[in-house]
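Proteins get letters first, then strands, A, B, ... in listed order; numbering begins at 1 in each. Please read these numbers as outputs of a predicted model, since none were measured by experiment.
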Protein chains: 2
Amino acid sequence: MTGTAALPADDRPASGGLVERAVTALTRHIRDNRLGPGDPLPGESAFALELGVSRAVVREAFRSMAMLKLIDIGNGRRPRVCAIDRSVLGIVLDHAVQTDQTSIQQIYDVRRTIELRTAALAALRRDATEAERITALAAAMRADFVDAAKVMEHDIAFHEAVAAASRNPLFAVLVGAFEVITRQTWPIGWSSRANDAQRMASIEGHEAIARGIAAGDPRAAEAAMAEHFDASVMALLAAGVT
Amino acid sequence: MTGTAALPADDRPASGGLVERAVTALTRHIRDNRLGPGDPLPGESAFALELGVSRAVVREAFRSMAMLKLIDIGNGRRPRVCAIDRSVLGIVLDHAVQTDQTSIQQIYDVRRTIELRTAALAALRRDATEAERITALAAAMRADFVDAAKVMEHDIAFHEAVAAASRNPLFAVLVGAFEVITRQTWPIGWSSRANDAQRMASIEGHEAIARGIAAGDPRAAEAAMAEHFDASVMALLAAGVT
DNA sequence: TCCGACGACCTGTCTGGTAGGTTCGGCCAT
DNA sequence: ATGGCCGAACCTACCAGACAGGTCGTCGGA
């Protein structure tokens, strides 16, 4: 009963340290004035004066919110509301892995769950340009087959293109958040495949996903994505990544 | 091409402002020393001395990482590595909604995708205690039917219990992140249902999920969860929430 | 042996100041 | 009249020092 704790969002403004109070005040300011991405915010001096605290306190508050990509700050520039950004979740995920709070396999389970959905949605919602881009990225993987680094870049771009085609920015953010982890695990999976035939099979998997999306067949796209993920997880398991 | 940009994680330590450099230095410190949750960190004075910057800079860096729940700070306490926390993503999601960067329906699509999986996983992995707790929470919703606030608390606890039973902390974090949004939308959906029969149907949906999980039937649990989400989305749509 | 008080250490906050970047309006040239 | 240039006002980035209050280990007494 009563889980009224934990929310630092916008309770009564009198709790915790001054910095925390400044953060909630700034959050309220954005909400109450219905500000959107790009809209300007009061400078730190003005905010410090308004709250009756020192500039150092407001600076810490602004910096914290900038770290969460809620606002955008910079030397001489006036603070502005920031557009949604994937890097935050990426940093958190990376930290969770680095501190052994979660495993790579657990991350891949989440990724698989999300990307099965993005594949299906992309098949339903993609326009011609998106379908072309996705197909082109799969083709690029095949074309640059000998250069692992390039294949990885195409691979990452492929998954993000699929997510973008799902027309849900949240999915795009989530998929983008996995990029940090993917850059660490991808080379392991690539080199753990026994031979070039297996590596090429991975690329064919991407092509199958692209075909399903281009054809507007959500079932096929989802199935191909599932197969692709199963193969990737298997490759990582074979390399001893748990 | 080659998108080597964007990662503030751990490139060469000479880029951007001093605060950013301090953040990457602290991140590296945690990674290089393989620190886990609860492990102590150098104090801000020590860190300032080591980096050759003022204490204010280090303070902003520490505060930023505390905002991301990567570290834990407090008056007089020495900084420590922090356990993974759901509130960060919740704040970001709330901000995205408040600034009209994403819609409630888009969030529910993501939630549905994730919770379908947690229901299936919970059916496969839950132990007796977890099954009992999930069943008990569904029963509590029925028992407190007349008190909407209590029903909401049970509802939220129910979904988090299911996520916990999936035995993947990432799913628990993601589901927990939606709590902030749920607290805003839940009353809308509840009151948008035409009569008590429809409201009770929602509770019966939870009971069906609980039965599937308790029976260890992932298909049934997933199907019940899907039905539950469809009903919720419909109720929100009926209330004009897009 | 256990418990409480004390002190060293640390963080939270403030003040005041310097350097360097941004922005915007006015002015000059076309 | 218009478009580009320039400078002044404003703002942020960072620094140094200081003080109040909280935490935690330690030492002495019961």
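Applying the side chain to side chain donor-acceptor pair (under 3.5 Å) criterion to A:Arg63, with sequence neighbours excluded, gives B:Glu60. Residues passing the salt bridge (Lys or Arg N to Asp or Glu O under 4.0 Å) test with A:Asp85, sequence neighbours excluded: A:Lys69. In this structure, the side chain to side chain donor-acceptor pair (under 3.5 Å) partners of B:His159, at least two apart in sequence or on a different chain, are B:Glu115, B:Asp155, B:His206, B:His228. With sequence neighbours excluded, no residue satisfies salt bridge (Lys or Arg N to Asp or Glu O under 4.0 Å) with B:Arg78. Applying the salt bridge (Lys or Arg N to Asp or Glu O under 4.0 Å) criterion to A:Arg55, with sequence neighbours excluded, gives A:Glu44.
One atom, CZ of A:Phe47, and another, P of D:dC11, lie 15 Å apart when rounded to the nearest Å. Between the P atom of D:dC15 and the CG atom of B:Leu51 lies a distance of 10 Å, rounded to the nearest Å. When the P atom of D:dT12 is taken as reference, atom CG of A:Leu41 falls 11 Å away, rounded to whole Å. Per the geometry, CZ belonging to A:Arg80 stands 14 Å off C1' belonging to D:dT12, to the nearest Å.
A salt bridge links A:Glu153 with A:Arg183: the closest approach of a Lys/Arg side-chain nitrogen to an acidic carboxylate oxygen falls below 4.0 angstrom.
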> For nucleotides 5-17 of chain C, read 5' to 3', which letter fits each nucleotide if B means a protein heavy atom sits under 4.0 Å from the base, S means only the sugar-phosphate is that close, and - means neither?
Replying inline: -----BBBBSB-B
